[in-house]
Amino acid sequence: MVAQQEARGESGPVTPDETPPRLGRLPVVHNTVSMLRDPLGFYDAVGEVDADVVGYNVAGTTGYFVTHPDLVERILVTDAADYEKGQLLRDSLGEFIGEGLFLLEGEEWKQQRTALQPAFYRERIATYGDSMTAFAHETADEWADGERVDLLPAMRTYTLRVLGKTLLDVDIDRTAESLEPLLSALRERLDPRTLSAYLPLWVPTPTNRRVRESRAAFEATLDDIIAERQGEAERHREARYDVLSLLLSLDESTMDRERLGHQLLTFLVAGHDTTALTLTYAWFLLANNPDAQRRLQAELDATLGGADPTPADLFELPYLDDVLTETLRLYPPAFTTFRQPTRPVTLGGYDIEPDAQLTIPQWLVHRDERWYDDPDAFRPERWTDAFESDLPDYAYYPFGGGPRHCIGMRFARMEAKLALATIAQRYRFEAVTEPPLELAMRITLSPTEPVVARVHERT
Ligand code: HEM
């Protein structure tokens, strides 16, 4: 997508030689094989096409990439009522989390969102701050000066500890046995390169068997925890701030046992790898940009002076905020958003049929040079107030937008910033893995090789 080709959202200019828009004239990328084998290459090929709505045909299904911020805003926000999450997501995730917030639609979704929202109120998540900082220390305690650290597994351990505490308020050793295998089996099952991704869960592939067994173990652990909770004195129960306690306080018609399992699994799937990847990419970028790392550490030293960060301190750490914002721009773990219109719609002048698969890729929009100078460069300092006020609203949407925006956004940003502030005060990261990162589009945007940095204790 080139800069001269100005915004062609609904409000954009129509050039005199533009033929009347019709489906047949949309660039259509026919390439089932490359989409399945190399989704990232496929997305990048779409990014090269000079249009804001790009049709494609994969396995006989027509879909469209939508890459203009005004159109993104229309789909996610203004006309959100005309779109659903769609069949693709229901097919791949429905059996695990179909009754969870991520996939429900209509009135049921609204009721659940309202019921769950209190778990993510600012005051509530602020109470998780101490645990987040403590777990960040635990992670850093496991490293020795000069050690090479494989970042993603380390960050996964951190985010799993945080979720174990904040979702269930149990010692993570107790749930690790079922959670770790379940999350890794699910990652495998949803990986488009595996056979299991295309087979129903009952087909006895090794991955499917692992998913079924680890899920049963997770549900059994959950049953035990629920039974204990229900046996607790009321004053103990009321003093708990975890998400499970909130779910258990809802009446049976809002939250039956099956739905409760789907909701917890939704939070685990949505909140575990996304934040672990964000932190992995942040350390990778800081290690490879020593000036940015020095500036971050200078801000932390000046503001915290070696003390542990609290949620309130985060307001005083603007560069830390910019580092996170820029990391999520370059490497959005949720690399795309999917929608399906429920009625005929017009996008960018093109008629789109109901049920067409819409791909609304953060990966392309966040690196579009119409909105970002030198879009592939890591430049936290680009996020000035002036830049942000000129930026179209939906040129940046790592957490989605509109009514279905990420309910865990504030939680995730706080969790990531507390970990960055805690660990960056203790260690300097030296690059071992250098750019370019080899990435793959799995359920999230993931590195294909270990991302490694050498950590040096700061004195
Ligand atoms: C950096 C970390 C995260 C990223 C990048 C991220 C990204 C997103 C995005 C893009 C969506 C919207 C999807 C759509 O519109 O189809 C979403 C929804 C959601 N996220 Fe997150 N997320 C993160 C962390 C979390 C955490 C920590 C939790 C919970 C503990 C969470 C729970 C959810 C849920 C439940 C939804 C569905 C909301 C609804 O449909 O009402 N996410 N997330």
Side-chain angles (χ1 to χ4, degrees), residues 66 72-73 75-77 80 83-86 88-90 92-93 96-117 119-120 124-125 128 132 155-156 158-168 183 242-244 246-247 259 262-282 324-325 327-340 357-363 365-366 394 396-420 443-446:
V66 179
V72 174
E73 182 168 9
I75 298 169
L76 296 185
V77 190
Y83 298 88
E84 289 191 342
K85 295 260 173 152
L88 189 82
L89 285 176
R90 272 197 295 276
S92 56
L93 296 170
F96 312 109
I97 56 168
E99 291 292 304
L101 197 58
F102 195 87
L103 284 184
L104 285 172
E105 299 285 356
E107 278 309 309
E108 280 196 311
W109 165 78
K110 213 181 265 176
Q111 187 209 29
Q112 293 287 308
R113 178 104 187 184
T114 311
L116 293 171
Q117 197 67 52
F120 296 93
R124 179 111 178 195
I125 58 172
Y128 305 146
M132 291 171 174
M155 295 301 116
R156 275 188 181 138
Y158 166 68
T159 56
L160 194 59
R161 283 176 183 157
V162 170
L163 286 175
K165 174 76 188 162
T166 55
L167 293 183
L168 303 171
L183 291 170
D242 60 287
V243 173
L244 174 62
L246 176 103
L247 301 183
R259 186 162 273 180
H262 278 228
Q263 293 297 12
L264 284 172
L265 201 49
T266 297
F267 289 135
L268 284 164
V269 171
H272 177 235
D273 240 22
T274 44
T275 317
L277 286 162
T278 302
L279 284 165
T280 301
Y281 294 134
L324 179 61
T325 302
T327 300
L328 285 164
R329 180 184 73 81
L330 281 171
Y331 299 109
F335 58 88
T336 192
T337 305
F338 293 112
R339 286 294 185 273
Q340 244 175 256
Q357 171 75 42
L358 300 182
T359 301
I360 311 157
Q362 283 89 334
W363 172 253
V365 178
H366 286 190
Y394 281 82
Y396 183 79
Y397 56 108
F399 293 98
R404 304 299 299 248
H405 78 273
C406 176
I407 198 170
M409 175 177 79
R410 225 183 264 145
F411 179 105
R413 289 191 62 95
M414 183 171 106
E415 179 186 9
K417 286 200 279 183
L418 289 174
L420 288 169
I443 181 172
T444 42
L445 184 70
S446 309

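Index from 1, following the sequence. Just follow the structure's listing: the first ligand is 1, and inside any ligand the first atom is 1.
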Trainee: I'd like to know if the side chain of T325 pairs up with that of R413 as donor and acceptor (distance under 3.5 Å, no hydrogens or angles considered).
Mentor: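 Yes, side-chain donor-acceptor contact under 3.5 Å.
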Trainee: Looking at D242 and K165, is there a salt bridge between them, counting it only when a charged N and a carboxylate O are closer than 4.0 Å?
Mentor: no
Trainee: Among all protein non-hydrogen atoms, which one is nearest to atom 39 (C) of ligand 1, and what is the separation to 0.1 Å?
Mentor: R113 NH1, 3.4 Å
Trainee: Just jot down the ligand 1 atoms closer than 4.0 angstrom to any heavy atom of P398, in number order.
Mentor: 5 (C), 7 (C), 10 (C)
Trainee: Under a 4.0 Å N-O cut-off, is there an ion pair linking E105 with R404?
Mentor: yes
Trainee: Heavy atoms only, cut-off 4.0 Å: how does F338 contact ligand 1, side chain, backbone, both, or neither?
Mentor: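 For F338, no heavy atom sits under 4.0 Å from ligand 1.
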Trainee: For atom 17 (C) of ligand 1, grab the closest protein heavy atom and report residue, atom and distance to one decimal in Å.
Mentor: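 Scanning the protein heavy atoms, the shortest distance from atom 17 (C) of ligand 1 goes to C406 CB, 3.4 Å.
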Trainee: Counting heavy atoms only, which of F411, F267, F399 is nearest atom 6 (C) of ligand 1?
Mentor: F399
Trainee: Ignoring hydrogens and angles, tell me if any N or O in the side chain of Q263 forms a donor-acceptor pair with the backbone of L101 under 3.5 Å.
Mentor: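 Checked: pair present.
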Trainee: Determine whether a donor-acceptor pair (N or O, by modelled atom type, separation under 3.5 Å) exists between the side chain of T275 and the backbone of A412.
Mentor: no
Trainee: Distance under 4.0 Å to a non-hydrogen atom of T337: what atoms of ligand 1 satisfy this?
Mentor: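 Once the distances to T337 are compared, the set is 14 (C), 15 (O), 16 (O).
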Trainee: Below 3.5 angstrom, do we get any N/O pair linking T275 and ligand 1?
Mentor: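 Checking ligand 1 against T275, no N or O pair falls under 3.5 Å apart.
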Trainee: Of all the non-hydrogen atoms in the protein, which one sits nearest to atom 14 (C) of ligand 1, and at what distance?
Mentor: K85 NZ, 3.3 Å
Trainee: Report yes or no: does H405 contribute a side-chain atom to a donor-acceptor pair with the main-chain N or O of G402 at less than 3.5 Å?
Mentor: yes
Trainee: Looking only at protein heavy atoms, identify the closest one to atom 34 (C) of ligand 1 and say how far it is in Å.
Mentor: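 The answer is I407 CG2, 3.8 Å.
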Trainee: Can you check whether T278 has an N/O within less than 3.5 Å of an N/O in ligand 1?
Mentor: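 Min N/O separation from ligand 1 is not below 3.5 Å for T278.
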Trainee: Do L76 and Y83 come close enough that some side-chain heavy atom pair is under 4.5 Å?
Mentor: no
Trainee: Has the side chain of K85 got a donor or acceptor atom that lies under 3.5 Å from a matching backbone atom of F102?
Mentor: yes
Trainee: Can you list the atoms of ligand 1 that are under 4.0 Å from a heavy atom of W109?
Mentor: 39 (C), 40 (O), 41 (O)
Trainee: Taking Q357 for the side chain and F338 for the main chain, is one N or O donor matched with an acceptor at less than 3.5 Å?
Mentor: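 No, because the side chain of Q357 does not come within donor-acceptor range (under 3.5 Å) of the backbone of F338.
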Trainee: For H405 and ligand 1, does the shortest N/O to N/O distance drop below 3.5 Å?
Mentor: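 Between H405 and ligand 1 (N or O atoms, distance only) the closest approach is not under 3.5 Å.
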Trainee: Suppose I only count heavy atoms of R339 and a 4.0 Å limit; which atoms of ligand 1 are within that range?
Mentor: 14 (C), 15 (O), 16 (O)
Trainee: Report the nearest protein non-hydrogen atom to atom 37 (C) of ligand 1: residue, atom name, distance rounded to 0.1 Å.
Mentor: F102 CD1, 3.5 Å
Trainee: Under a 4.5 Å cut-off applied to non-hydrogen side-chain atoms, are I443 and V269 in contact?
Mentor: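 With C-beta onward as the side chain, the pair touches.
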Trainee: Taking both backbone and side-chain atoms of E415, is any N or O found less than 3.5 Å from an N or O belonging to ligand 1?
Mentor: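 E415 vs ligand 1: no N/O contact under 3.5 Å.
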Trainee: How does R413 reach ligand 1, by side chain, by backbone, by both or by neither, if only non-hydrogen atoms under 4.0 Å count?
Mentor: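 No part of R413 is near ligand 1 at this cut-off.
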Trainee: Between F267 and F120, is the ring centre distance below 6.0 Å?
Mentor: yes
Trainee: Looking at Y394 and G400, what are the two nearest heavy atoms and their distance?
Mentor: CE2-O, 4.1 Å
Trainee: Which of the listed options, G271, A276, A80, holds the heavy atom that is closest to atom 27 (C) of ligand 1?
Mentor: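 Considering heavy atoms of G271, A276, A80, the nearest to atom 27 (C) of ligand 1 sits in G271.
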Trainee: Using heavy atoms and a threshold below 4.0 Å, how should the contact between R404 and ligand 1 be classified: side chain, backbone, both, or neither?
Mentor: both
Trainee: Do me a favour and list the nearest non-hydrogen protein atom to atom 33 (C) of ligand 1 with residue, atom name and distance?
Mentor: A270 CB, 3.6 Å
